[in-house]
Amino acid sequence: MWDAHSATGVGMGLVLFIIFFAGSFSLYRVALDVWADPALRGTPQYSTDDLVGPLFAEQPPAVGSDVRIFPAYGERRAAFLIYTPEGAERRAIKQISSTTGEELAPGGRSRMSLTLFQLHFLLQLRYILPGPTLIGIAVAGVFAVFMLFAVISGLLIHLKKLPKDWHTVRLKERRVRTLVADVHTVLGLVGLPFAIGYAITGAILAVMIMLAPQIDEHLFGGDAEVSELAQYGVIAPEADSTGQAASMLLPDAVQAGLPESWAGVYLTRFQYKNWGDAGGTVTVYGAVNETVTTKGKATLRAATGEMLVHNPPATPTALGATYQAVHQLHYSDVGGWPMDALLFFLSVATSVVILTGNVLWIVVRRPKDKRATPLLHRILGRLTIGVGCGLVAAVPVIFILAQLLPDDMASRKVWEESGFFIAWGIFIIAAFFGRSARRAVRWQLGLAAVLCAAAVLANGFVTGTWLWTAVAQDFWIVFWIDLGLLMAATILAVCVVQLRKREEQLPPTRVQTTAPKRPLRNVRIRTGAVAQ
């Protein structure tokens with residue numbers, strides 16, 4: 001039972017590490033797309049109408065069909081279109097760069113950002129586990145609840161020593177075990193509010209996604225209109241067909257016709273119903289930038305711009321505000337780049353807390369308890385190194401592949417994602433070989449440092465964008481990501497050097513050369529007169 005307890009705890013800790021470490025990159029999912037695709041770099045030069053108008057003139061949507069347009073806004077440098085062209089049998093998905101005006105490959109040039117984003121939700125489990133395609137989200141939600149329990153129990157454990165331990169990091173301590181314990185405690189306490197918040201919002205999101213049909217059934221009686229009214233405060237009217245052809249207003253013209261209550265709102269989606277008909281409608285969805293609980297919706301006549309119904313983001317419904325708050329807080333869609341940077345640091349710190357927690361359990365608890373099987377715990381230790389340090393080394397691999405794989409390569413994005421998981425698998429296997437666990441840690445972290453620097457070099461050689469040229473060309477997203485990779489390489493290299501120094505400073509292990517004397521047991525020492 002003790003071994004089963006250890007294996008379960010370490011395994012759950014590794015899954016939580018994957019969720020949080022991948023989640024740190026999900027905060028920059030849009031910026032990573034810009035870094036991976038040179039066509040998205042720079043300042044937007046084209047409006048949504050400039051991108052959509054020529055495409056629809058050449059390939060107009062089928063009359064009476066539905067059209068969805070997601071404009072470029074904020075850091076997003078591409079407009080997405082989903083529609084059925086005239087004469088086509090299947091829907092088309094188009095992506096057009098707002099910086100160059102060129103049409104991009106379906107789904108973008110790279111799958112790097114999407115791979116890390118899906119890993120945060122464990123969506124790759126759909127290839128392994130039976131059930132719905134979103135089974136990974138359900139698993140991630142369960143682990144979010146477990147994380148909440150682990151955080152609260154950890155706080156209770158350190159509660160008595162909180163005034164002394166929350167800021168104590170003995171950097172000069174020669175024993176790595178002591179330093180690991182200090183880092184675990186300090187980072188755990190610093191990131192406590194973050195971990196609790198992300199555990200709660202992550203669990204709520206998982207429930208909202210996986211149980212959406214059941215929620216609609218029980219709360220709204222399965223009526224989609226009642227659900228829409230509860231979320232947005234308005235119901236989009238039906239787009240009745242009149243049989244009269246009419247030209248449709250494009251997104252920029254629709255936005256210009258919105259009332260003053262929509263000033264300062266960025267529109268995230270335009271949904272046309274019954275395209276090309278005089279009775280067609282367009283429903284716009286929007287939110288106020290960098291705020292919480294702001295979610296609005298308006299429906300207009302797509303031919304004339306006549307307002308039919310609207311509820312601006314300034315007056316959200318209770319349910320809509322709750323959904324929006326949970327979503328924006330979890331995805332850090334508030335606070336701008338300072339909040340993104342803070343949450344990135346806290347997410348990485350929480351990942352370190354989880355991994356060091358595994359290390360402390362394996363290294364400290366196992367030698368003290370006779371119920372623990374040494375071989376099993378050695379396996380758990382090497383698995384922790386492979387999954388944890390191996391993932392740190394595998395992430396820059398996908399950065400490198402995103403730049404080095406040729407654009408015209410067949411199944412380019414498949415090889416990009418597969419290369420990431422293959423590299424990670426190799427690092428996990430390699431962690432089981434070697435003379436010591438410490439050497440395996442140093443090797444993995446050292447390799448991660450080299451690969452982070454190599455990702456910057458790959459970007460520079462392939463795209464010609466270096467740190468200094470990125471500033472000159474106003475490619476600030478590329479500049480900050482490259483700088484972050486170099487900082488990561490430096491930090492990892494310093495960790496390797498420090499681990500090496502501490503190992504050299506450890507006192508040599510004493511080897512006993514002679515057998516110990518057996519203690520005298522049950523021997524009575526007779527005292528008294530000595531025989532003459």
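Since the model is a prediction, treat every value here as computed from it, not as a measurement.
- Here the side chain of Arg301 pairs no donor or acceptor atom with the backbone of Ala278 at under 3.5 angstrom.
- Across Thr463 and Pro38, no two heavy atoms sit closer than the pair CG2-CG, 3.6 Å.
- Although no hydrogens or angles enter the test, the distance criterion places no donor-acceptor pair under 3.5 Å between the side chain of Arg29 and the main chain of Leu114.
- A donor and an acceptor atom, one from each side chain of Arg41 and Thr465, are located under 3.5 Å apart.
- Side-chain contact check for Val254 versus Val284: some heavy-atom pair is nearer than 4.5 Å.
- For the pair Glu417/Gln124, a side-chain contact is recorded, criterion being any heavy-atom separation below 4.5 Å from C-beta on.
- In this structure His120 satisfies the ring-ring contact (aromatic ring centres under 6.0 Å, His included) test together with His330, sequence neighbours excluded.
- Within the 4.5 Å cutoff, the side chain of Arg109 has heavy atoms near those of the Asp407 side chain.
- When every heavy atom of Phe117 is checked against every heavy atom of Ser26, the shortest pair comes out as CA-OG, 3.4 Å.
- For the side chain to side chain contact (heavy atoms under 4.5 Å, CB included) test with Ile96, the passing option among Leu104, Asp50, Leu55 is Leu55; the others fail.
- The stretch residues 78-94 participates, sequence neighbours left out, in these side-chain hydrogen bond (donor to acceptor under 3.5 Å, both in side chains) pairs: Lys94-Glu103.
- The closest side-chain heavy-atom distance from Leu122 to Val15 is below 4.5 Å.
- The pair Glu416-Arg111 does not count as a salt bridge, with every side-chain nitrogen at least 4.0 angstrom from each carboxylate oxygen.
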Check the pair Met12, Phe143 against side chain to side chain contact (heavy atoms under 4.5 Å, CB included), reporting the backbone distance first and the verdict last. CA-CA 8 Å; Met12 297 183 77; Phe143 276 89; 3.7 Å; yes

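- Residues satisfying the ring-ring contact (aromatic ring centres under 6.0 Å, His included) test with Phe21, not counting sequence neighbours, are Phe17, Phe25.
- For the residue pair Asp37 / Ser110, no side-chain donor-acceptor distance below 3.5 Å is found, with atom types taken as modelled.
- Taking all atoms of both residues into account, the shortest heavy-atom contact from Ala246 to Asp277 is CB-C, 4.2 Å.
- Judged by distance alone, the side chains of Trp480 and Asp482 never bring a donor and an acceptor atom under 3.5 Å apart.
- No donor-acceptor distance shorter than 3.5 angstrom exists from the side chain of Ser65 to the backbone of Pro61, with no hydrogens or angles considered.
- Relative to the ring axis of Tyr285, Arg269 places its NZ or CZ within 45° and under 6.0 Å from the centre.
- Residues Leu457 and Trp466 meet the side-chain proximity criterion, which asks for heavy atoms closer than 4.5 Å.
- Gln244 and Thr242 are not linked by any side-chain donor-acceptor pair at a separation below 3.5 angstrom, with hydrogens and angles left out of the test.
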Working note: Arg76 + Val34, criterion side chain to side chain contact (heavy atoms under 4.5 Å, CB included); need CA distance, chi angles, decisive distance, verdict. CA-CA 8 Å; Arg76 298 182 184 274; Val34 175; over 6 Å; no

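- The two residues Gly141 and Ala203 come nearest to each other via the heavy atoms O-CB, 4.2 Å.
- For Trp275 and Phe56, the ring centers sit closer than 6.0 Å to each other.
- In this structure, Leu119 and Leu391 approach most closely via the heavy-atom pair CD2-CD1, 4.3 Å.
- Side-chain contact between Tyr272 and Ile69 is present, with at least one heavy-atom pair separated by less than 4.5 Å.
- The ring of Phe479 has its center no closer than 6.0 angstrom to the ring center of Phe475.
- When every heavy atom of Gln45 is checked against every heavy atom of Thr99, the shortest pair comes out as CG-O, 3.5 Å.
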As a quick check of understanding, evaluate side chain to side chain contact (heavy atoms under 4.5 Å, CB included) for Thr115 and Ile398, giving each step before the final call. CA-CA 9 Å; Thr115 298; Ile398 197 171; 3.9 Å; yes

Worked check of side chain to side chain contact (heavy atoms under 4.5 Å, CB included) between Ile196 and Leu148: CA-CA 6 Å; Ile196 293 176; Leu148 185 61; 3.9 Å; yes

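- Side-chain rings of Trp35 and Phe399 approach one another, their centers coming within less than 6.0 Å.
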